[in-house]
Amino acid sequence: MDILTLAANNLLSPIILSFALGVAAALARSDLSIPQAVAKGMSIYLLFAIGFKGGVSVADHGIDATLGLSLLAGIILSFLLPLIAFALLNVMSGLSRLDAAAVAAHYGSISIVTFVAGTSVLESAGIASEGYMVAVAAAMEAPAILSALWLISRGDSGRKMENDLWREIMLNGSIVLLVGSFIIGMVTGQEGLAEIESFIVSPFKGVLCLFLLDMGLVAGRGLREGGKVMRPGLLAFGVVMPVIGSVAGLGFGVLLGVSTGGVMLFMVLGASASYIAVPAAMRVAVPEADPSIYLTLSLGVTFPFNLTLGLPLYLSVAQWATGG
Amino acid sequence: MDILTLAANNLLSPIILSFALGVAAALARSDLSIPQAVAKGMSIYLLFAIGFKGGVSVADHGIDATLGLSLLAGIILSFLLPLIAFALLNVMSGLSRLDAAAVAAHYGSISIVTFVAGTSVLESAGIASEGYMVAVAAAMEAPAILSALWLISRGDSGRKMENDLWREIMLNGSIVLLVGSFIIGMVTGQEGLAEIESFIVSPFKGVLCLFLLDMGLVAGRGLREGGKVMRPGLLAFGVVMPVIGSVAGLGFGVLLGVSTGGVMLFMVLGASASYIAVPAAMRVAVPEADPSIYLTLSLGVTFPFNLTLGLPLYLSVAQWATGG
Amino acid sequence: MDILTLAANNLLSPIILSFALGVAAALARSDLSIPQAVAKGMSIYLLFAIGFKGGVSVADHGIDATLGLSLLAGIILSFLLPLIAFALLNVMSGLSRLDAAAVAAHYGSISIVTFVAGTSVLESAGIASEGYMVAVAAAMEAPAILSALWLISRGDSGRKMENDLWREIMLNGSIVLLVGSFIIGMVTGQEGLAEIESFIVSPFKGVLCLFLLDMGLVAGRGLREGGKVMRPGLLAFGVVMPVIGSVAGLGFGVLLGVSTGGVMLFMVLGASASYIAVPAAMRVAVPEADPSIYLTLSLGVTFPFNLTLGLPLYLSVAQWATGG
Amino acid sequence: MQTHNAKRVEITIEAIMQKRLTDALTAAGVTGYTILPVFGGSGRSGPWSREGQIGRASGMVQVVCIRRPEDVDELLDAAFAVVERHIGVVCVTDCQVLRAERF
Amino acid sequence: MQTHNAKRVEITIEAIMQKRLTDALTAAGVTGYTILPVFGGSGRSGPWSREGQIGRASGMVQVVCIRRPEDVDELLDAAFAVVERHIGVVCVTDCQVLRAERF
Amino acid sequence: MQTHNAKRVEITIEAIMQKRLTDALTAAGVTGYTILPVFGGSGRSGPWSREGQIGRASGMVQVVCIRRPEDVDELLDAAFAVVERHIGVVCVTDCQVLRAERF
Ligand SMILES: Nc1ncnc2c1ncn2[C@@H]1O[C@H](COP(=O)(O)O)[C@@H](O)[C@H]1O
Ligand SMILES: Nc1ncnc2c1ncn2[C@@H]1O[C@H](COP(=O)(O)O)[C@@H](O)[C@H]1O
Ligand SMILES: Nc1ncnc2c1ncn2[C@@H]1O[C@H](COP(=O)(O)O)[C@@H](O)[C@H]1O
Ligand code: NA
Ligand code: NA
Ligand code: NA
């Protein structure tokens with residue numbers, strides 16, 4: 001499939017259209033909304049399912065050296081990307097040091113829904129990927145926060161990392177659930193999967209549609225409220241940075257010699273920006289940074305870009321780079 | 001199948017029995033209850049699924065002239081029925097002008113759950129229907145409100161339609177979700193359906209059971225609290241009006257030459273009374289009208305009547321009228 | 001399968017591992033949590049599904065004399081066990097009369113999730129059981145409360161049963177839903193099951209995993225907070241009492257001549273301790289009793305014991321006793 | 001805007017006792033109250049949170065009742081009879097209300 | 001700790017009217033408010049509970065707005081214009097706040 | 001009914017700061033507090049609603065703490081240290097409580 005067909009297929013999938021419906025409804029000020037408890041319930045379902053399936057896949061294929069190296073690569077990527085993002089923001093936007101560092105943290109970390117959408121594009125295309133990429137995703141959630149805090153402390157020596165914060169970040173619900181269900185999947189393997197397959201495999205894409213409807217609603221509301229902070233430089237950053245992140249991911253993926261699907265997922269992880277773990281950490285550690293900037297940028301600009309254009313682009317490049 | 005078998009089959013289906021369980025539990029003052037967030041989550045699921053499936057069915061059969069005419073017929077029906085209901089209420093009940101108009105609005109609009117239950121009866125009987133009937137349902141939600149407001153303004157020239165209200169009605173969550181998922185289904189067609197079938201098709205009836213359990217609980221609670229406003233005339237109206245509405249629907253359906261299933265669904269739409277969109281609009285536009293009257297009538301009398309006796313009746317008549 | 005293989009299989013099932021994940025996350029003070037509405041929604045789903053399936057199974061096999069006798073046996077068991085538990089607590093723990101009676105009530109009643117996990121172990125082992133055991137479970141929820149109140153009133157003649165309380169206990173949501181869906185299943189039989197099978201059968205185990213994750217989180221939080229009240233004598237009681245209860249269940253099961261699966265479920269019902277219906281009744285009737293004692297004991301000690309070691313033990317003993 | 005003196009009584013009580021409390025308030029002549037959900041808290045019986053809970057034994061609600069000052073003692077007597085043996089907090093504040101005819 | 005006099009206005013109103021009320025408050029110069037969910041209640045129009053409800057017609061919210069004493073009358077006028085024809089309760093309490101520059 | 005003077009302190013704060021606040025209150029000798037969910041609101045940092053949110057970064061809670069008047073300053077100092085750099089509102093009201101021995 002060439003990239004245009006891929007992009008068209010992707011744009012017209014129920015998943016993307018559900019997201020678009022959410023954005024449109026929010027921009028039109030419809031009162032359509034998904035209760036917070038239901039949204040959280042769906043996110044728990046998705047994390048559990050994606051972690052479990054990743055673990056089962058690792059149980060099938062065994063643990064090899066690449067797993068450890070991939071984890072390491074993910075951690076390095078997560079540490080490095082905020083530095084690039086920070087430098088880029090200094091050039092492209094007029095953000096204050098604090099705001100820029102807070103935004104930068106988001107781009108080193110990852111968005112698990114973008115990752116899920118990526119695996120779903122791979123599935124549709126019938127391309128396999130390493131099951132442990134889920135673990136790489138989990139490993140990339142937190143390091144970026146450290147980088148950002150280091151960037152900030154350079155300029156403000158009075159500020160030091162709160163004792164509790166680090167524990168809070170490492171043990172935040174989404175990491176624990178992802179890693180926990182990954183381990184459960186690894187331990188129970190195909191036998192465990194067979195028991196709960198009709199819960200975590202068959203309805204998965206449908207739940208993802210409703211979840212993306214919700215994310216569209218939240219992103220649309222964010223654009224309505226936070227759109228005024230989106231100056232052109234910032235907007236451009238929200239599109240340029242994921243492309244840079246994906247190139248970094250491409251480099252690591254090719255270097256490690258993972259499969260075509262693995263390379264694509266490395267690109268997706270590099271490209272995606274956090275909107276759950278990092279915002280929460282930033283509110284605690286850098287309350288002076290304006291949340292509407294990083295939330296709007298991550299959820300309102302980069303997420304839709306990755307979802308619509310990024311994914312087919314990354315897949316095409318991964319196929320080209322691996323000859324797959 | 002003759003009408004008695006149909007009625008018996010219908011009364012003993014898990015769906016109806018779940019509703020009955022809810023009513024019984026509420027009347028017995030059990031503390032059984034379904035959290036609001038879960039109830040809303042189920043309604044979002046049902047709207048998304050029914051809209052999507054309708055859209056896919058239109059994608060399969062193509063758009064023809066009848067679609068446009070059916071939409072038009074639905075809108076006219078929704079405008080007309082409140083006038084009939086209003087006249088009938090003046091004869092049968094001692095309601096004030098405002099209360100009568102508010103009640104009338106409900107009977108011009110539709111109940112999507114009754115519609116869903118209707119499609120489910122059709123499925124069990126193996127009878128096809130036009131996919132676009134979902135769009136007709138969406139189109140019938142709002143016009144009745146205009147009729148009612150016109151009825152009110154005739155008697156009270158000082159009252160005028162609030163600016164925001166009309167937008168609010170047209171863009172209310174259930175209309176947006178129904179129409180949105182209808183369009184998504186139409187765009188993605190069978191291919192999209194295949195991706196999310198095991199989410200929106202297989203578990204559909206089961207979710208409907210739990211949803212009807214909840215509606216039974218709410219209706220039962222309403223009957224307990226609001227039962228005292230239900231004088232005989234009003235009660236009779238709650239049973240007579242749906243029959244009249246179904247006859248009107250029958251007329252339009254036969255005139256348009258839709259299928260047996262389509263005629264039955266036209267009857268269901270005519271017969272059913274709103275309990276989400278219209279009550280909300282009435283609270284804003286006619287706060288003086290007593291909500292316990294229209295909610296008890298719509299949810300506590302007409303809904304159970306349609307669900308239990310109405311549906312098999314309408315199907316029999318539709319079969320007789322179309323010779324199907 | 002010998003008992004060790006059974007125990008190992010059980011310990012490494014996704015269900016148990018999900019519970020363990022929840023406990024571990026709570027003990028590590030992760031912020032992982034499942035919204036209350038979602039947890040309640042899942043419990044409603046499980047009760048509805050287990051009741052319905054039990055009813056269908058009775059519809060298949062017909063009602064016989066053993067059903068009535070089993071109900072009676074369950075009620076007697078529920079009345080008797082609190083007396084044993086109370087005597088044991090007087091010997092093993094230094095609890096006050098009120099606290100001891102409140103704890104005792106929990107052990108006469110049952111835990112429906114333990115019951116569900118038991119049926120799931122039976123299924124995995126391919127062993128059938130009587131469908132009406134669900135009804136026995138429902139019948140055992142309440143009598144234990146009466147025993148406990150009688151134990152208390154012996155020492156405090158001023159205290160008398162509140163008028164409303166009895167109705168509240170008998171009509172509590174879980175009993176009504178369990179009995180109601182049991183009846184629906186019995187009425188609609190295989191035909192009804194076929195309609196909603198892909199909702200209540202296929203995804204059942206997966207939902208159970210997430211539900212046990214939640215119970216692990218709540219139990220872990222309880223252990224963290226309530227752990228300090230758990231003196232050795234009390235802890236020992238939490239393990240000894242379920243074994244005694246299971247022996248009592250074994251006696252009744254063998255006496256009644258039910259199947260191997262039926263005997264195992266009788267043991268599970270005897271062994272399990274309530275953590276929903278009874279705590280609520282105790283808060284109303286005996287507010288002076290410390291809830292952290294009975295909640296920690298029931299949910300934090302006995303429930304995990306039954307889930308991990310108890311279930312395979314009870315199954316082995318049931319197989320040995322029935323020669324099955 | 002014309003306002004009238006009233007008392008705002010806020011009763012934090014176990015959810016399981018809610019109906020008993022509002023029944024007692026109604027019996028004491030109270031014509032209206034509002035119930036707020038409570039997310040968690042802490043007291044002599046330790047901290048608790050409603051997250052993940054399915055039982056009705058844990059969990060509290062806040063019943064807010066606005067009443068004319070002269071009728072508050074009757075309300076407090078009724079409330080106290082219910083909360084007496086139970087955990088919970090009763091707190092009374094002076095306030096002004098619009099539309100006094102409603103209270 | 002330095003505190004400043006202020007008024008705490010608590011408006012219990014139908015959820016469906018929430019946006020209209022906060023728009024009116026904003027138009028009256030209010031710079032902040034907090035919205036609390038309401039679980040149920042009772043009044044002249046009878047008891048209600050939000051459990052199991054999916055419609056927006058039933059259900060209330062509490063809008064809490066803290067403001068300088070001198071600006072409260074303007075707030076009450078704006079609120080009254082919205083709640084006038086609707087069910088609901090407005091209750092004003094004297095309070096002290098930290099960080100007065102925020103109000 | 002015998003009542004006792006007390007102060008009701010209501011702190012509206014980001015959910016993410018809840019534990020830090022209640023830890024600080026406990027350290028300042030507070031023996032009880034109640035946490036109310038907040039549905040949405042508006043302030044200098046703009047309007048927000050908790051609907052559909054899954055992140056913990058957005059969302060606020062209200063911590064209500066009733067205490068003897070003489071101990072309130074200590075409470076406010078502790079609360080202020082936490083909310084100082086954060087968004088949120090602290091509001092103190094005079095009140096009367098039953099069962100003073102609890103506070
Ligand atoms: N001083 C207080 N201020 C506010 N709420 C309190 C206070 N003390 C107790 N509570 C509430 O009342 C519940 C029961 O308190 P207790 O009876 O002390 O265990 C707590 O969980 C809190 O929700
Ligand atoms: N006296 C009161 N105290 C507290 N809340 C009240 C009072 N009266 C009414 N309410 C609230 O306002 C809603 C509507 O009241 P009403 O307009 O009297 O039907 C009720 O459902 C309660 O939530
Ligand atoms: N004047 C006020 N009255 C009530 N709540 C307020 C007020 N100002 C701010 N808040 C609450 O505090 C949050 C943060 O306010 P701010 O720090 O001004 O952005 C808002 O979202 C509101 O929930
Ligand atoms: Na990234
Ligand atoms: Na109609
Ligand atoms: Na037991």
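Everything numeric in this text was worked out from a predicted model, so none of it was measured. Chain letters run A, B, ... following the sequence lines, proteins first and then strands; every chain starts at 1.
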Please list, in residue-number order, every residue in residues 61-80 of chain E that has a heavy atom less than 4.5 Å from any heavy atom of chain F; write 'none' if there are none. E:Val64, E:Ile66
Just to verify, what does E:Gln53 make a side-chain contact (heavy atoms from CB on, under 4.5 Å) with, not counting sequence neighbours? B:Gln36, B:Val218, E:Ser58
pair [X]-[Y]: side-chain heavy atoms closer than 4.5 Å:
X: F:Asn5; Y: F:Asp94; value: no
X: E:Val97; Y: F:Val90; value: no
X: E:Cys95; Y: F:Glu10; value: no
X: F:Glu14; Y: F:Ile87; value: yes

Which portion of E:Thr34 sits near chain F, non-hydrogen atoms under 4.5 angstrom: both
Nearest 0.5 angstrom please: [X] [atom1] to [Y] [atom2], how far?
X: E:Leu25; Y: E:Arg20; atom1: CG; atom2: CZ; answer: 14.0 Å
X: F:Ile11; Y: F:Tyr33; atom1: CD1; atom2: OH; answer: 11.5 Å
X: F:Leu21; Y: F:Met17; atom1: CG; atom2: CE; answer: 8.0 Å

F:Ser42, part contacting chain E, at a heavy-atom distance under 4.5 Å: both
Max heavy-atom pairs within cutoff under 4.5 Å with chain F, candidates E:Val30, E:Thr22, E:Thr31, E:Thr93, goes to E:Thr31
F:Val38 and E:Ile35: CA distance, side-chain angles, deciding distance, side chain to side chain contact (heavy atoms under 4.5 Å, CB included) verdict: CA-CA 6 Å; F:Val38 172; E:Ile35 300 169; 5.7 Å; no
Who among [options] has the most heavy-atom pairs with chain E under 4.5 Å?
options: F:Lys7, F:Met60, F:Arg44, F:Arg8; value: F:Arg44
options: F:Val9, F:Val83, F:Thr12; value: F:Val83
options: F:Cys91, F:Ser49, F:Gly43; value: F:Cys91

